[in-house]
Amino acid sequence: MTRFSVLTLDIEEGVATLRLDRPDKMNALNAQMRAEITQAVQEAGKAARVLVITGNGRAFCAGQDLSDAGNAASLDLERVLRDEYAPMLRAIWDCPIPTIAAVNGVAAGAGANLALAADVTIAAESAVFIQAFTRIGLMPDAGGTYWMPRQMGAAKAMGAALFAEPISARDASDWGMIWEAVPDMEFDTHWRARAAHLAQGPSEAYRNLKTALRATWQNGPDAQLDLEARLQGACGQTRDFQEGVVAFLDKRKASFEGR
Ligand code: LHQ
């Protein structure tokens, strides 16, 4: 497995855990971090059954490393977004296994949108999400304008972007921006249990439901019904489906192999 310098990647019992590891910089994203996340996500997608992205230290991720920028005016934002952020976000969106963002602390700017790019976002109650961009004269990027209105609705997305105020984990959960907020004391145990659940689940069904739930934004009902039929047809060919039905009839818990 590749050695990384600004993150760690551990794979155990089907769970890949990617920890952003620049705690003194609140895990801010520099070029090295973006490249390593892209590579680690791709590796995890091949070697594990679920991927968790979390942060070391008190932050999840403070977004773009602003100390990297030097003279901000000379930073080519368009290039950085196209060449470095987009591949990282595509790697997460295209990841064939379920992805969990375990948001242990503040998630700001591109760090907030990194958290939203995961399939499931679980936050510690003390964590906050800040669309911090307008504070430094920018608009949301890193996929925020794509995910925010879809996840929290247009009104909340516009307010979050314009006011750049911290959104508590509890509000984020209530608004539908994230899956759940969890008391800090239970946070680690909780996301590990969630990850273990998915790592023992029917991987083909997960892959296909991700495809269907993403495609729904572009499809009308006919296309979506057609897609469901095709993808469910593929699920029907799996051993996990066989096992699921037999386990149901045997009144026992299914033991999925992930194929
Ligand atoms: C940091 C950072 C940071 C470096 C904290 N960088 N050091 C932009 C441009 C280019 C291309 C593409 O797109 C983007 C997208 C973006 O992400 S723009 C938005 C960038 N992020 C922000 O504006 C957030 C900046 N950080 C903050 O607002 C605060 O630090 C937060 C709210 C995250 C945490 O506040 P506190 O808990 O009060 O901590 P702190 O501010 O004291 O920070 C702790 C240390 O971390 C501190 O360093 P120091 O040496 O003084 O201890 C900060 O300088 C450092 N840090 N964020 N993004």
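Starting from 1, each residue takes its place in the sequence as its number. In each ligand, atom 1 is the first atom listed, and ligand 1 is the first ligand listed.
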| task | Give the numbers and elements of all ligand 1 atoms closer than 4.0 Å to a heavy atom of Asp141. | result | 12 (C), 13 (O), 14 (C), 15 (C)
| Just distances here: any N/O of Arg135 and N/O of ligand 1 closer than 3.5 Å? | no
| said: I need the atoms of ligand 1 closer than 4.0 Å to a non-hydrogen atom of Ile130, numbered in the order shown. | reply: 32 (C)
| What about Ala110: any of its N or O atoms under 3.5 Å from an N or O on ligand 1? | yes
| Are Glu125 and Arg170 close enough, and set up right, to give a salt bridge (charged side-chain N to carboxylate O under 4.0 Å, His left out), and what steps lead you there? | CA-CA 6 Å; Glu125 258 175 4; Arg170 187 57 57 197; 2.3 Å; yes
| What atoms of ligand 1 come closer than 4.0 angstrom to any heavy atom of Arg58? | 36 (P), 37 (O), 39 (O), 44 (C)
| message | Please check whether Leu138 reaches ligand 1 - meaning an N/O of the residue sits under 3.5 Å from an N/O of the ligand, judged on distance alone. | response | no
| field | Ala62, any N or O under 3.5 Å of ligand 1 N or O | value | yes
| request: Answer with yes or no whether the side chains of Ser126 and Asp184 bring together a donor and an acceptor at under 3.5 Å. | output: yes
| message | When you measure from the heavy atoms of Asp24 to every atom of ligand 1, does any distance fall below 4.0 Å? | response | yes
| said: Surrounding CZ of Arg82 (heavy atoms of other residues, nucleotides or ligands, distance under 6.0 Å), is the total greater than 12? | reply: no
| request: Between Leu66 and ligand 1, find which residue part has any heavy-atom pair under 4.0 Å and reply side chain, backbone, both or neither. | output: both
| said: Using a 4.0 Å cut-off to any heavy atom of Leu77, which atoms of ligand 1 qualify? | reply: 9 (C), 10 (C), 11 (C)
| field | Per-atom contacts of ligand 1 with Gly63, taking only distances under 4.0 Å to non-hydrogen atoms | value | 17 (O)
